[in-house]
Amino acid sequence: MNIWFATNNRHKKDELAAILGRDLKIPADEGYSFNPEETGQTFYENSLIKARELYKLLGKNEVVIADDSGLCVDGLDGRPGVLSARYGMENGKKLTSLQQNIMLLDELGDNSVRTARFVCSMALLLDNNRFYIVQETLEGEIVEKSQMRGDGGFGYDPIFFVPHLNCTLAQASADEKNALSHRGKAGKLIADLLIKVT
Ligand code: IMP
């Protein structure tokens, strides 16, 4: 049985494959172009939109997992939130992760409210009418600009300090990140569901 993951992000594919302990296929593996419009106002709406879009594209009974995730910063009233991937985007041109990190640190400035959380909503779609959605978080703090560090992970990891690990998420090993991350926790729930329902 193939398990498809509705993403174009190979980092996310590798993370989830490690969490589930199974191979995953993503649209790019089969040369599919996959660009769903993320029109939802919430993470869970967008995860279901992505799952349904890939299920339709495949045109057959396949198990599809989709996630929607992002960073919610309290000092920015929860932004960038569902727009995390598109933060700072202009005329359809996305910024690099480094540019997004610097922009966010500049926007937050010396605001003393630095608490933040990663959120991950994950949908498991079995067919058009059978699906499960879970949502999990990882709490942390946005570092000062001079404290941005680490080469691991992706996206906002270098600016996200995890008190429990006493380092940024980009300084954590893949195993450490997966053990406590928003995607790790959601993925483990989906792994249990997969065993029960497939
Ligand atoms: P999505 O692919 O639409 O879910 O976009 C999620 C965006 O949120 C990514 O492009 C990253 O910018 C950010 N993000 C989500 N999860 C993580 C993470 O684990 N580390 C760092 N950034 C993340």
Side-chain angles (χ1 to χ4, degrees), residues 4-20 24 26-28 34-54 64-73 76 78-89 92-105 107-108 116-123 133-143 148-162 164-165 167-188 190:
W4 289 83
F5 185 28
T7 186
N8 293 313
N9 183 333
R10 290 197 176 273
H11 287 284
K12 288 205 327 193
K13 174 191 172 179
D14 293 344
E15 272 192 15
L16 187 63
I19 292 161
L20 297 180
L24 295 173
I26 64 171
F34 179 67
N35 288 303
E37 256 197 87
E38 296 177 31
T39 51
Q41 305 289 307
T42 58
F43 293 109
Y44 71 87
E45 284 172 287
N46 281 336
S47 67
L48 194 53
I49 287 172
K50 291 183 204 175
R52 287 198 156 128
E53 189 83 9
L54 180 56
V64 173
I65 295 174
D67 84 338
D68 195 57
S69 51
L71 178 64
C72 301
V73 180
L76 300 178
R79 285 183 305 109
V82 288
L83 299 178
S84 292
R86 289 166 272 173
Y87 183 56
M89 186 161 121
K93 201 167 176 291
K94 278 191 180 174
L95 298 184
T96 64
S97 294
L98 178 62
Q99 288 170 326
Q100 287 182 320
N101 284 331
I102 289 171
M103 186 172 160
L104 195 147
L105 289 170
E107 205 186 343
L108 194 57
R117 67 207 48 79
F118 279 114
V119 180
C120 176
S121 191
M122 200 174 282
I133 299 179
V134 300
Q135 183 162 308
E136 273 293 355
T137 59
L138 168 62
E139 299 287 332
E141 287 156 28
I142 303 301
V143 297
M148 173 163 125
R149 39 184 67 120
D151 306 316
F154 67 98
Y156 299 98
D157 284 350
I159 64 167
F160 191 85
F161 182 81
V162 186
H164 181 71
L165 296 175
C167 65
T168 70
L169 210 44
Q171 291 175 296
S173 69
D175 284 348
E176 282 172 329
K177 178 174 175 182
N178 291 342
L180 48 72
S181 78
H182 49 313
R183 193 167 302 98
K185 290 187 281 192
K188 279 181 206 115
I190 291 289

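When a ligand or atom number is given, it counts from 1 through the structure's own listing order.
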Side-chain heavy atoms of Thr168 within contact of Phe160, under 4.5 Å: no
Pairing of Glu136 and Lys188 as salt bridge, 4.0 angstrom limit: no
Residues in contact with ligand 1, criterion: heavy atom under 4.0 Å: Lys12, Glu38, Lys50, Asp68, Ser69, Gly70, Ser84, Ala85, Phe118, Phe154, Gly155, Tyr156, Asp157, Lys177, His182, Arg183
Heavy-atom donor-acceptor pair, Asn46 side chain to Gly40 backbone, under 3.5 Å: yes
Flag, side chain of Asp157 to backbone of Phe154, donor-acceptor distance under 3.5 Å: yes
Non-hydrogen side-chain atoms of Gln100 and Pro80 separated by less than 4.5 Å: no
Test ring pair (Phe, Tyr, Trp, His ring centres under 6.0 Å) applied to Phe34 - qualifying residues, sequence neighbours left out: none
